[in-house]
K.L.:
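Take this structure first; my questions come after.
Side chains are part of it too, since the values below use all heavy atoms of this structure and drop only hydrogens, waters and symmetry mates. One is the number of the first residue; the rest follow in order along the sequence.
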Amino acid sequence: MTLHKKLEAHLERGVVGFPTALASSVGVIMASPVILTATSGFGMGGGSFALAMVIALIMMLAQTTTFAEAAAILPTSGSTYDYIACGLGRFLAIVGTISAYLIVHLFAGTSETILSGIMALVNFEHMNSVMEAHGGSWMVGVGLVCLFGILNAFGIHVFGKVEVILTFGMWATLTIFGLAGVLEAPAVKLDSLFGSPLSFADPEAILSLVGLAMFMFVGSELVTPLAPELKNSSKTLPRAMGIGLVGVASCMFLYGMAVLRQVENTPMDPKNPNGAHLLDTPMAIPAFAEHVMGPFGRIWLGLGLLFAGGACINTLVAAVPRIIYGMALDGALPKFFAYLHPRFKTPWVGILVAVLMPTSYAIYLDGNLDSIFALVLAAVCAWGLAYILVTLSVVSLRIRRPDFPRAYKSPFFPIPQIISTVGILIAMWYIAPPGMTRADVFVPFGIILGITAIYALFWTVVVQKQNPFKPVDIETVLEEEFGKAEVLHGSSANNAAVLGSEAA
């Protein structure tokens, strides 16, 4: 069987379908920090934040077409690493992937770990008091990470079933509460649908919110490491990412309108009207729930937020180990990261790392997120850099390898690539929110890039003995992926069909 035939068969077969792909794409976006970002963003910016969300949505929809094309060429568990390696070389692939996914997982994953417990239990007053007296409600998030790490260790089927349930539960909950809050008589007098009306008097004020809004949509591409396990992945992936982003945006717009109509954004300290307001804190969530549906609403929304935290954590613990696994296959990380459990065929070492990183850091911080907020934004910058590198890689492959078959091609090329790249650069430039300078974000971002660049250069030149800037052949990466399946199952005829379960 020729390589192209293997690739064609590989793209059409898999063990999980569209619902799991959609749930994975949505689950990592609609996380606890994102829900809190929407609450504070609408409270702070009103109509300006709504416009910033539209800009960020268009930018991310354009970016998904690039990831979908890359995944159609290279449907591998290495995902972003393989895309950049084949487009721009191993050096930038290591820098982009480690800084954007491992570092992001350390900081943003820790944020999700801490907030998932806090935002859920704040709706259960008695339970929250008990947890605070015994170490803090944030420890619930640590328990969730450990739980989903164990579930993911048992294979992609378990992950898929759990993810679909969690994602549908949280999306339906927020949508229902949003509708109820919009249809109910307003408790707050507003000047527009989103509180303060949209004003173009200060364009920079709107642009300063785009970076915050972008944080609400990054992560939909974390479904791409599951490409080897997806049925008909060349069609499933772009649909899942596109529908997922639109679904999240619709839900968040509805939720934003509802919370502004039903919760007055009063100062937390009446003596300090310029300090934190109610919509800047998790306490806005139970206030909104109780106003819309009474005491039962607090319980329901609390469960929905637990589902939100669980869905995000479940996706991270599934995707990050597969990226680590794919890098290890190419030698970009030590080989023990490529170990697969002999029975479940899951990357246990990578899963263990994905569990230990956010839980250990959350315990070290004792649940206090104040000290890592700038680091979270720096990690978002690293995420944006990886997006740009993937875009440049797809452009490079279009120029260098027009002969290679593409089951999916980004429409209207290169317009989506220009839109996403320019948008990301603008969002990164305005990433610092009020009260923080660009230096607060760019300095740790530069340190992250510096450390990963030193590792990447040393590893490619000294350990791998490769030209760090020479693009890797697409055929080499695919043969390695297919060859791994042959070694594990001893079946060259069926390697494309079973590759997904092997790489899982």
Side-chain angles (χ1 to χ4, degrees), residues 26-57 59-60 104 107-120 122 141 170-171 174 177-178 194-196 205-220 244-245 247-260 263 265 276-285 287-288 301 304-305 308-309 311-313 316 369-370 372-381 383-384 423-424 427-428 430-436 441:
V26 172
V28 76
I29 304 174
M30 288 183 66
S32 302
V34 169
I35 297 170
L36 185 59
T37 297
T39 308
S40 60
F42 280 114
M44 175 176 55
S48 296
F49 185 72
L51 178 59
M53 275 186 63
V54 172
I55 295 171
L57 174 63
M59 186 170 68
M60 288 296 102
V104 162
F107 298 136
T110 299
S111 173
E112 172 59 30
T113 300
I114 293 172
L115 278 176
S116 61
I118 293 174
M119 289 188 63
V122 75
M170 69 170 180
W171 188 88
L174 276 182
F177 271 85
F194 297 103
S196 57
I206 297 174
L207 292 176
S208 68
L209 295 172
V210 172
L212 191 65
M214 186 181 83
F215 178 61
M216 299 175 61
F217 299 115
V218 295
S220 64
L245 284 172
V248 168
S250 302
C251 179
M252 289 301 176
F253 275 122
L254 197 61
Y255 166 76
M257 283 190 288
V259 76
L260 288 173
V263 179
N265 195 20
H277 283 57
L278 181 58
L279 293 182
D280 297 326
T281 71
M283 294 306 300
I285 307 297
F288 169 64
L301 191 53
L305 289 170
C312 177
I313 291 168
L316 287 173
L369 282 176
D370 294 340
I372 69 163
F373 185 62
L375 295 178
V376 170
L377 293 178
V380 171
C381 287
W383 215 329
I424 289 169
M428 289 171 64
Y430 289 100
I431 194 69
M436 185 177 291
V441 179

K.L.:
So do the side chains of Leu174 and Met170 get within less than 4.5 Å of each other, counting heavy atoms only?
P.N.:
no

K.L.:
Does Leu260 reach the side chain of Phe194, with side-chain heavy atoms less than 4.5 Å apart?
P.N.:
yes

K.L.:
Run the side-chain contact (heavy atoms from CB on, under 4.5 Å) check on Val380 and Val104 step by step: do they pass?
P.N.:
CA-CA 7 Å; Val380 171; Val104 162; over 6 Å; no

K.L.:
With no hydrogens and no angle check, is any side-chain donor or acceptor of Trp171 less than 3.5 Å from a backbone partner on Ala308?
P.N.:
no

K.L.:
Which pair of heavy atoms, one from Val26 and one from Gly244, lies closest together, and at what distance?
P.N.:
CG2-CA, 3.5 Å

K.L.:
Is Ile35 close to Leu115 at the side-chain level, that is, under 4.5 Å between some pair of heavy atoms?
P.N.:
no

K.L.:
Show, in sequence, the C-alpha distance, side-chain angles and deciding distance for Ser40 and Asp280, and conclude whether the side-chain contact (heavy atoms from CB on, under 4.5 Å) test is met.
P.N.:
CA-CA 5 Å; Ser40 60; Asp280 297 326; 3.5 Å; yes

K.L.:
Carefully, step by step, assess Leu212 and Ile431 under the rule side-chain contact (heavy atoms from CB on, under 4.5 Å).
P.N.:
CA-CA 7 Å; Leu212 191 65; Ile431 194 69; over 6 Å; no

K.L.:
What's the separation between atom CG in Leu278 and atom CG in Asn265, rounded to the nearest 0.5 Å?
P.N.:
6.5 Å

K.L.:
Which atom pairs, donor and acceptor, lie under 3.5 Å between side-chain atoms of residues 107-114 and protein residues at least two apart or in another chain?
P.N.:
| from | atom 1 | to | atom 2 | distance (Å) |
| --- | --- | --- | --- | --- |
| Thr110 | OG1 | Leu106 | O | 2.3 |
| Glu112 | OE1 | Ser32 | N | 3.0 |
| Thr113 | OG1 | Gly109 | O | 2.7 |

K.L.:
What heavy-atom pair brings Val34 and Phe215 nearest, and what distance separates the two atoms?
P.N.:
CG2-O, 3.9 Å

K.L.:
With a 4.5 Å limit on heavy-atom distance, are the side chains of Leu377 and Met428 in contact?
P.N.:
no

K.L.:
Considering only heavy atoms from C-beta outward, does the side chain of Val248 approach that of Met216 to under 4.5 Å?
P.N.:
no

K.L.:
In the structure I gave you, are the side-chain heavy atoms of Phe177 and Val259 within less than 4.5 Å of one another anywhere?
P.N.:
no

K.L.:
Got a list of side-chain donor-acceptor pairs under 3.5 Å for residues 42-57, not counting sequence neighbours?
P.N.:
none

K.L.:
Would you give the length of the straight line joining atom CE of Met214 to atom OG1 of Thr37, rounded to the nearest 0.5 angstrom?
P.N.:
12.0 Å

K.L.:
Can you tell me how far apart CG (Leu279) and CG (Leu36) are? Round to the nearest 0.5 Å.
P.N.:
10.0 Å

K.L.:
Would you name the heavy atoms of Gly178 and Leu254 that are closest together and state the gap between them?
P.N.:
C-CG, 3.8 Å

K.L.:
Using a 4.5 Å cut-off on heavy atoms from C-beta on, say whether the side chain of Tyr255 contacts that of Thr39.
P.N.:
yes

